[in-house]
**Student:** 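Dropping the structure in here first, questions after.
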Amino acid sequence: MKIDARRIRALRKARGWSQEHLATVAGLSPRTVQRLEAEGKASHESRMAVAAALDIDPKQLAGIETVPASVPASAVSPVDRAKMILWIVSLMLAAIMFQLVAGFILGGDAALRDNRINETCKNTPAECGR
């Protein structure tokens, strides 16, 4: 059965696996994995074992489905990465601003309350327990 050898290699490398590691996880011999990646030919059992090891649908190895199982981080363009970082930094700044504003409001209310208590204690010390 014909399989997409480039996809197997890409998925394996995206996980940081060697051919030997993929063979161990799939329950195949290292030579079988080498042959899969070199020739793109596999038995039904080998294709199912590799798909299970890579946690993907076996159809993705046959090239029937064109959507990759996962996109490696290196596939993200620098512009998209910069936009993502800018978005995260913006969210963090918004959270900090919210905390500052809430702190000023709560702190101001506490200061006003403390001032009222101090003023009451000056005028009528008996009420303050002094």
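Note that the structure is predicted; figures quoted are calculated from it, not measured.
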**Student:** Rounded to the nearest 0.5 Å, how far does CG of Leu36 lie from CG of Asp4?
**Tutor:** 11.5 Å
**Student:** Please examine the side chains of Gln19 and Arg12, heavy atoms only from C-beta on, and report whether any two atoms are closer than 4.5 Å.
**Tutor:** yes
**Student:** If you measure from CZ on Arg47 to CD on Gln60, what distance do you get to the nearest 0.5 Å?
**Tutor:** 11.5 Å
**Student:** Measure the shortest side-chain to side-chain distance between Arg15 and Leu11 over non-hydrogen atoms and say whether it is less than 4.5 angstrom.
**Tutor:** yes
**Student:** Provide the full list of ring pair (Phe, Tyr, Trp, His ring centres under 6.0 Å) pairs with a residue in residues 23-54, sequence neighbours left out, each pair given once.
**Tutor:** none
**Student:** Anything under 3.5 Å between a donor and an acceptor, one on a side chain of residues 22-31, the other on a protein residue two or more places apart or in another chain? List them.
**Tutor:**
unit_1	atom_1	unit_2	atom_2	d
Thr24	OG1	Glu20	O	3.0
Ser29	OG	Thr32	N	3.1
Ser29	OG	Thr32	OG1	2.8

**Student:** List the residues meeting side chain to side chain contact (heavy atoms under 4.5 Å, CB included) with Ile96, not counting sequence neighbours, and say none if there are none.
**Tutor:** Leu100
**Student:** Restricting to salt bridge (Lys or Arg N to Asp or Glu O under 4.0 Å), what partner residues turn up for Arg9, sequence neighbours left out?
**Tutor:** Glu37
**Student:** In chain order, what residues pass the side chain to side chain contact (heavy atoms under 4.5 Å, CB included) check against Ala51, with sequence neighbours excluded?
**Tutor:** Ile56, Pro58, Leu61
**Student:** Under 4.5 Å between side-chain heavy atoms, hopping through other hydrophobics if needed: is there a path connecting Phe98 to Met92?
**Tutor:** no
**Student:** Ile85: which other cluster members, linking ILVMFWY side chains closer than 4.5 Å, directly or transitively?
**Tutor:** Val89, Leu93
